[in-house]
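Data block below; observations after.
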Amino acid sequence: MAVELCLLLLLFCGSTISEVQPIYKPPPGTLDFGFVPAKTYDTGAYHEPGPIGILFKVVHAFLYLVQPNPFPQDLIRKLAQQKFGNTQGDYQKAIYYEIGFIVSAALGLLFILLLPLVGLCFCMCRCCDNCGGEMHQRQKKNADCQRSCFATFLFVASLIISIGVLCAYAANQHLTNQVRGAKKLVNSNFKDLKVFLNDTPAQIDYLVSQYNTTKDKALSDLNNVGPLLGSRVQEQLGKEVRPALDAALTMAGAIRETKEALENVSVSVEVLQEGTERLHGNLTDVKMHLSNTLNDSACAAAQAASTCNIIRNSLNQLNINANFSGLPGVSSQLAKVNDVLKIDLSSLVQKGYAAFNDTPDLVVNQTKNILSDIKNVLESIGSNISNFTKTLPVQKIIADLTVYLTQSEAYVQDYFPVVEQYDFYRWLGCLILCCMVVLIVIFYYLGLLCGTCGYDKHASPTTRGCISNTGGNFLMAGVGFSFLFSWVLMIVVVLTFVTGGNIEKLVCEPFEDKTLFKVLDTPYLLNQHWKNYLSGILFKNPNINLTFEKVYSDCKENKGIYTSLHLDHLFNINEFLNISMYTEDVALRIEHIQINLSKIILLDEIGKENLLNFSSSGIEGINFGAYLTEINKSVTKVDLLSFANDLEARADQLPKGALENALKGHANNIRMIHSQQVVPLEQAMSTLNQSIRLLKRTSSELTVKVKNVISAVNAAQLLINNNASLVIVQETKKYMDTIIGYFEQYIEWVKESIAMEVAACKPIANVIDTAVDIFLCSYVTDSVNTFWFGLGGSSMFLIPAIIFAVKLSKYYRRMDTEDVYDDSVEQW
């Protein structure tokens with residue numbers, strides 16, 4: 001009933017989620033669906049025994065010595081299939097595997113049978129004054145050495161017996177403590193199972209609710225169809241449109257720069273012509289005045305004649321070098337460019353930009369009706385999912401499972417006091433067994449204490465003190481109780497040894513290394529007609545490869561029960577997560593999106609004609625060579641500043657007087673001419689140089705450049721008018737893939753969540769671990785094995801203790817007769 005309900009729950013879990021959709025790896029990025037809500041399970045299926053774990057390891061090592069053979073998988077399989085014994089070799093293999101237990105049990109049975117019989121014979125023998133029963137001791141020379149050896153051996157044997165009984169008592173108490181604490185562990189497992197059931201509906205609701213995340217993202221993209229689809233179309237078309245408009249805008253800037261350059265040329269030439277004419281007159285006046293000064297009688301003197309001659313010979317350098325009067329004008333070209341600029345080409349290009357940038361708005365306006373239909377489809381999908389999930393009886397299934405779990409918990413709680421009561425009886429019985437051994441050991445310890453303390457080596461056997469005699473009696477009492485209790489102890493040891501040892505070897509160890517699961521997964525093992533028993537029970541289909549080991553391992557890793565139990569064979573979630581049933585309508589409507597961009601005009605005919613007028617403005621006909629020839633010349637033949645400085649230096653060579661002062665005055669006048677006339681002319685020449693060179697660059701293949709710009713604009717316009725539909729189809733396909741991608745993302749997330757997170761079956765593995773690994777193996781089997789190990793060791797050492805106690809008692813008890821001189825060997 002529980003298995004069927006659990007399967008039914010998972011079936012509806014899968015169907016509930018499967019109606020939900022989407023995931024993908026699209027350009028917009030991955031959707032964030034958050035984390036499936038999951039509570040932490042309290043049960044830690046791991047047991048740490050503490051200090052007694054050392055004893056457990058010692059017992060495990062001892063069992064390995066007794067039984068070193070590997071787990072007998074073949075024999076277990078045959079036994080489960082009721083084929084054991086069909087061949088003679090089966091019994092031989094079983095005996096070989098159990099040989100260690102058989103030999104040990106046989107020795108225990110011999111102990112049980114022989115020790116009481118030996119005790120009876122020993123008692124009868126002593127009653128006949130034999131076997132040490134005669135109260136007569138023959139004295140020997142090494143009597144003290146023998147007494148000391150017997151006392152030492154008996155003390156060692158008693159000490160080993162004490163250690164063994166302490167181990168048995170510790171194991172007994174440990175088992176009781178663990179049984180008492182098991183209730184908390186059981187309650188923790190039931191709590192986790194309830195969390196497992198109660199948390200599953202919330203996880204299902206969360207998966208369903210995350211469809212809204214997908215829907216909201218899709219609606220967001222639909223509401224932003226302009227920035228998304230329109231911008232994509234614009235981006236693709238812009239690869240040709242923007243360079244064409246940029247070239248046209250650049251040409252508009254070139255027209256303005258050409259006008260400025262022509263104006264600069266016209267003004268600069270006029271300034272240079274007027275300036276050079278005025279400079280020429282001033283330099284002529286300077287030469288005339290200098291010539292008059294040099295004709296002064298002072299220059300005839302011997303000291304000044306040579307200097308005056310040098311100055312007189314240099315006067316020809318004071319003349320202009322560049323002649324701008326013959327340069328052609330640019331007024332006609334400037335007039336044509338001004339006519340071109342009457343039409344604002346930049347404004348026309350900006351209109352083209354604005355029209356192209358309105359592409360997203362055009363997309364929005366032309367897709368309103370289709371997008372409205374798509375939104376309605378998305379809303380209907382959400383409604384269908386919600387309506388479908390409401391029809392599923394998930395809560396009823398959860399309620400039924402919860403009732404079953406509650407009844408199971410109540411059953412366990414009701415019988416747990418009974419378990420504790422029987423455990424108390426067991427604990428009391430084991431304690432009585434331990435007390436039997438303790439009683440024997442106490443007699444031995446008291447015998448050793450009284451005998452050792454009361455012994456007087458100077459006293460004869462017949463005159464020994466009361467304390468020494470009492471010690472001997474204690475030793476004999478210990479011997480008597482050893483014979484009485486030892487066989488009872490050994491019966492318990494043999495039974496617990498055979499049972500606990502085989503459970504450890506046949507259950508606990510193969511469970512730990514999962515060999516037990518491999519045996520259970522043997523085809524046709526538990527049912528001769530079923531290849532896989534687990535799938536036959538769950539799905540009525542034994543051919544499905546579902547193994548105990550795989551289910552346990554998956555649940556141990558806390559995977560979802562859908563994956564662990566391979567519920568896809570019962571309910572294939574992929575059939576319900578097929579997005580085509582939901583996305584087909586969306587895709588069809590998106591594919592029917594049609595966008596017309598023919599209203600976009602990049603550059604009208606006026607703008608194109610304006611460009612052609614600019615190319616025929618005549619700037620390429622300017623005589624740039626003549627301009628550059630004059631520009632490359634200096635304003636004057638000689639640097640006036642250098643000439644003035646040289647003139648002043650030569651004046652300093654003349655005798656002090658009017659001639660010297662006159663020459664220095666002319667030098668200052670030349671400097672003034674340079675600063676006031678030559679420097680402005682040089683600045684005008686620089687401006688003219690820049691403008692001429694700009695015009696030269698602009699005019700270079702101007703007609704070709706204009707034609708290329710117009711051709712690029714025409715090509716871009718043709719792309720928009722005729723070929724934009726192809727771009728629109730391509731971008732619409734990408735846009736559709738993005739929208740559908742959200743659904744694909746959601747589907748993949750749902751599949752992953754169902755496989756790994758929804759109804760994570762860790763509590764099931766914890767229940768198995770708690771029942772087998774912790775309770776059966778760690779709590780019960782390890783404690784029982786440690787108990788028989790300690791008690792068995794104590795029982796075995798009772799035999800040498802009996803021998804040493806009987807021998808030693810002869811040296812402590814008071815004898816009736818003595819023979820000091822007889823050294824013969826003592827017979828008993």
Side-chain angles (χ1 to χ4, degrees), residues 115 118-119 122-123 125-126 131-170 172-173 431-489 790-818 820 826 828:
L115 203 62
V118 170
F122 179 72
C123 181
C125 184
R126 287 183 67 86
C131 303
E134 182 185 4
M135 301 301 290
H136 175 83
Q137 185 178 21
R138 293 176 176 84
Q139 298 298 313
K140 300 178 182 179
K141 293 180 180 180
N142 61 347
D144 289 340
C145 179
Q146 287 185 348
R147 177 181 54 79
S148 299
C149 289
F150 291 148
T152 302
F153 291 149
L154 179 59
F155 177 76
V156 172
S158 300
L159 188 62
I160 294 175
I161 294 171
S162 302
I163 294 174
V165 76
L166 286 175
C167 292
Y169 175 78
N172 183 42
Q173 191 63 39
L431 184 63
I432 292 173
L433 294 175
C434 292
C435 290
M436 290 180 181
V437 181
V438 170
L439 179 63
I440 295 171
V441 172
I442 289 175
F443 279 128
Y444 285 154
Y445 282 138
L446 290 175
L448 288 171
L449 180 64
C450 294
T452 302
C453 296
Y455 181 77
D456 185 1
K457 66 179 180 178
H458 299 293
S460 65
T462 57
T463 60
R464 288 172 181 158
C466 179
I467 297 177
S468 177
N469 186 55
T470 302
N473 291 335
F474 275 133
L475 293 178
M476 292 308 299
V479 171
F481 282 112
S482 296
F483 283 118
L484 288 175
F485 297 153
S486 59
W487 65 278
V488 178
L489 298 175
L791 195 63
S794 299
S795 300
M796 293 302 298
F797 276 92
L798 286 177
I799 295 176
I802 290 172
I803 297 173
F804 296 135
V806 171
K807 288 286 188 180
L808 185 60
S809 66
K810 199 75 173 181
Y811 293 93
Y812 291 159
R813 297 178 70 188
R814 186 184 298 119
M815 300 290 105
D816 293 337
T817 61
E818 63 177 327
V820 178
E826 181 179 359
W828 59 277

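In this text the structure is predicted, and so the values were computed from the model without any measurement.
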Task: Close side-chain approach of Val437 to Leu433, heavy-atom, < 4.5 Å - done: no

TODO: Without swapping roles, check the side chain of Ser794 against the backbone of Val165 for a donor-acceptor pair under 3.5 Å.
DONE: yes

Open item on the list: Using 0.5 Å steps for rounding, measure from the CG atom of Leu448 to the CZ atom of Phe474.
Closed with: 12.0 Å

TODO: Taking the side chain as every heavy atom from C-beta outward, state whether Leu439 and Phe485 have any pair of such atoms under 4.5 Å apart.
DONE: yes

- [ ] Could you pull out the closest heavy-atom pair between Ile440 and Gly478, with the gap in Å?
- [x] CG2-O, 3.8 Å

- [ ] Might you point out which heavy atoms bring Ile161 and Ala801 nearest each other, and give the distance in Å?
- [x] CD1-CB, 4.1 Å

- [ ] Hey, could you give me the CD1/OG1 distance between Ile467 and Thr452, rounded to the nearest 0.5 Å?
- [x] 11.5 Å

Task: Separation of Ser482 OG from Trp487 CH2 (nearest 0.5 Å) - done: 14.5 Å

Task: Heavy-atom check, side chain of Ser158 versus side chain of Tyr445, under 4.5 Å - done: yes

Task: Distance in Å, Ile802 CD1 paired with Tyr444 OH, rounded so as to fall on 0.5 Å steps - done: 5.0 Å

TODO: Kindly give the heavy-atom pair with the smallest separation between Ser486 and Leu115, and that separation in Å.
DONE: OG-CD2, 2.6 Å

TODO: Anything under 30° is parallel, anything over 60° is perpendicular, the rest tilted; go ahead and classify Phe443 against Phe481.
DONE: parallel

- [ ] Would you check if Val118 and Phe483 make a side-chain contact, meaning some heavy-atom pair closer than 4.5 Å?
- [x] yes

- [ ] Give, for atom CG of Leu449 and atom CD1 of Ile442, the distance between the pair rounded to the nearest 0.5 Å.
- [x] 12.5 Å

